[in-house]
Amino acid sequence: MESATATMREHVQEVWAKRPIIISGPCSAETEEQVIETAQRLAATGKVDVLRAGIWKPRTRPGMFEGIGTKGLPWLQQAKKLTGLPVTVEVATAKQVEDALHFDVDILWIGARTTVNPFSVQELADALKGVDIPVLIKNPVNPDLELWSGAVERIARVGVKQIGLIHRGFSNYGNTEYRNAPMWHLAIEMKRRNPDMLMICDPSHISGRRDILLEVSQKSIDLDYDGLMIESHIDPDNAWSDAKQQITPEQVAEMLNTIVWRKEDVNSEAFHEALEKLRQQINHLDDEMMQLLGQRMKVADKIGEYKRANNITILQTNRWNEILERGFKRGEKAGLSKEFITRYLDAVHMESINHQNKVMNS
Ligand code: PEP
Ligand code: MN
């Protein structure tokens, strides 16, 4: 038994260093059969390195399935024994850390709803003092890099040596095509700040649906992420949580086969590859700016409706001056010239006025 544990520890070290590192498994452990069959079918693909399963589920509303709890941990132990796959679970309290360690969980992860709360993260950090286990930290639900960094610091300060990051997107107001907006630039900045830390993309929670999983995964690989965490289920439509975003183990393999894996080669092609990556970043940022501009116009439409209801003019000079002043100040901080800001805001403002015009005269 001792040596099996030691061998698994060594294996986890290898997996941690492997690129890409692929983590997959159900959103939630539901039954022993489901966990074991998922693990076996994932292992059979030969493409998955770590089995994930939620044991304690932080659900937005009470009454939803809140996880099977500690009784699911032996199922993971059994799945590991049968497949050789190391296992990872989400922990949010000291007791959960204790239970996970008791049942030989190999890697822990901190969920987005926990990263957001420094009290909880500190509780986890205290429980992890002196414990030699890799920890993955998901981004907080809100787009706050300091909170994400703070969680990393709390966990690092108690001596945890292997820390990885998981980008699972950020909550946003209103409907977008994503369940959690990726805001790629935030993850890119987090990667820049922590160049030696694993950065894994969780396309499942970013997408919230199956049809864009591949696209989101590809984007992350294009941005040189180190791996993926993909939710999978033997019967996705009937999953007890996150049914819409889960895929079968075989579909995970198919998706991994379809992804174009870009290598970070240090050969004569290095220059072209670097250039390509930068261009991809520019494309992603441009896509996001387009989306934001679209959202801005929707807000302008709403303002147009209010103005129409209250019989107010579209153009209000004071407000326009205020927009310009703010723009100059912000723009200067971001290293943008006054001339550019003027032209940019002018164009945006004109588009807003056109939108409002339509609303007010419709
Ligand atoms: C999960 O991985 O199932 C989960 C709850 O994720 P997140 O913390 O990203 O919402
Ligand atoms: Mn989930």
Side-chain angles (χ1 to χ4, degrees), residues 21-30 34-35 38 42 48 50-62 64-69 72-73 76 87-93 96-97 100 105 107-117 120-121 124 135-144 147-148 151-152 155 164-172 178-184 186-187 190 198-210 212-213 216-217 220 225 227-249 251-252:
I21 170 173
I22 307 295
I23 305 170
S24 190
C27 176
S28 305
E30 298 165 3
Q34 170 245 11
V35 168
T38 312
L42 285 170
V48 172
V50 180
L51 174 70
R52 66 149 278 158
I55 291 287
W56 302 280
K57 302 302 297 179
R59 305 312 302 278
T60 305
R61 308 282 297 270
M64 297 163 102
F65 176 58
E66 291 185 331
I68 206 73
L73 289 170
L76 288 177
V87 297
T88 181
V89 303
E90 171 177 350
V91 286
T93 66
Q96 292 171 4
V97 171
V105 168
I107 299 172
L108 301 176
W109 94 75
I110 299 179
R113 288 167 194 75
T114 305
T115 307
V116 87
N117 182 350
S120 301
V121 176
L124 291 176
V135 179
L136 295 164
I137 305 179
K138 287 198 170 194
N139 67 255
V141 280
N142 53 327
D144 184 340
L147 217 40
W148 200 359
V152 169
I155 299 300
L165 304 165
I166 302 179
H167 174 210
R168 51 77 80 195
F170 302 88
S171 280
N172 51 329
Y178 303 105
R179 176 177 176 193
N180 291 291
M183 303 191 189
W184 296 101
L186 292 182
M190 193 65 182
L198 265 182
M199 174 63 90
I200 293 173
C201 181
D202 171 347
S204 307
H205 290 88
I206 289 178
S207 307
R209 46 187 245 235
R210 293 175 198 133
I212 54 171
L213 279 178
V216 171
S217 304
S220 72
Y225 280 41
L228 298 168
M229 180 191 253
I230 309 160
E231 283 188 346
S232 57
H233 195 283
I234 49 170
D235 183 8
D237 285 335
N238 291 307
W240 297 2
S241 59
D242 289 352
K244 285 200 193 113
Q245 71 197 29
Q246 302 204 62
I247 54 178
T248 63
Q251 287 168 328
V252 170

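Numbers here are sequence positions counted from 1. Counting starts at 1 for both ligands and their atoms, following the listed order. Not measured: the values here are computed from a predicted model. FYI, side chains are in, hydrogens and waters are out, and symmetry mates aren't considered; it's all heavy atoms of this structure.
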Between the side chains of H205 and D242, does any donor sit under 3.5 Å from an acceptor?
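The criterion, which ignores hydrogens and geometry beyond distance, is satisfied for D242 and H205.
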
Residue and atom name of the nearest protein heavy atom (relative to [atom]), distance in Å to one decimal:
atom                   : result
atom 9 (O) of ligand 1 : R168 NE, 2.6 Å
atom 8 (O) of ligand 1 : A112 N, 2.8 Å
atom 4 (C) of ligand 1 : H205 NE2, 3.5 Å
atom 2 (O) of ligand 1 : R52 NH1, 2.7 Å
atom 5 (C) of ligand 1 : E90 OE1, 3.6 Å

Can you list the ligand 1 atoms lying under 4.0 Å from a non-hydrogen atom of [X]?
X    : answer
G111 : 8 (O)
C27  : 3 (O)
K57  : 1 (C), 3 (O), 5 (C)

Is a donor on one side and an acceptor on the other found under 3.5 Å between the side chain of [X] and the backbone of [Y]?
X    : Y    : answer
R52  : P26  : yes
E30  : W240 : yes
Q251 : S232 : no
S204 : E231 : yes
W56  : V89  : no

Just wondering, do L186 and N139 contact through their side chains at under 4.5 Å, heavy atoms?
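No. Closest side-chain heavy atoms not under 4.5 Å.
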
What part of M229 sits under 4.0 Å from ligand 1 if we count only heavy atoms: the side chain, the backbone, both or neither?
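It is neither; nothing of M229 touches ligand 1.
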
Considering both backbone and side-chain atoms of K138, is one of its nitrogen or oxygen atoms within less than 3.5 Å of a nitrogen or oxygen in ligand 1?
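Between K138 and ligand 1 (N or O atoms, distance only) the closest approach is under 3.5 Å.
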
Geometry at the Mn ion (ligand 2) - H205 NE2 versus E231 OE2 angle, rounded to 10 degrees
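It rounds to 90°.
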
What angle, to the nearest 10°, do the atoms SG (C27) and OD2 (D242) form about the Mn ion (ligand 2)?
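SG of C27 and OD2 of D242 make an angle of 90° at the Mn ion (ligand 2), to the nearest 10°.
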
Say you draw a straight line from CD1 of I230 to OG of S207; how long is it, rounded to the nearest 0.5 Å?
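If I round to the nearest 0.5 Å, the distance is 10.5 Å.
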
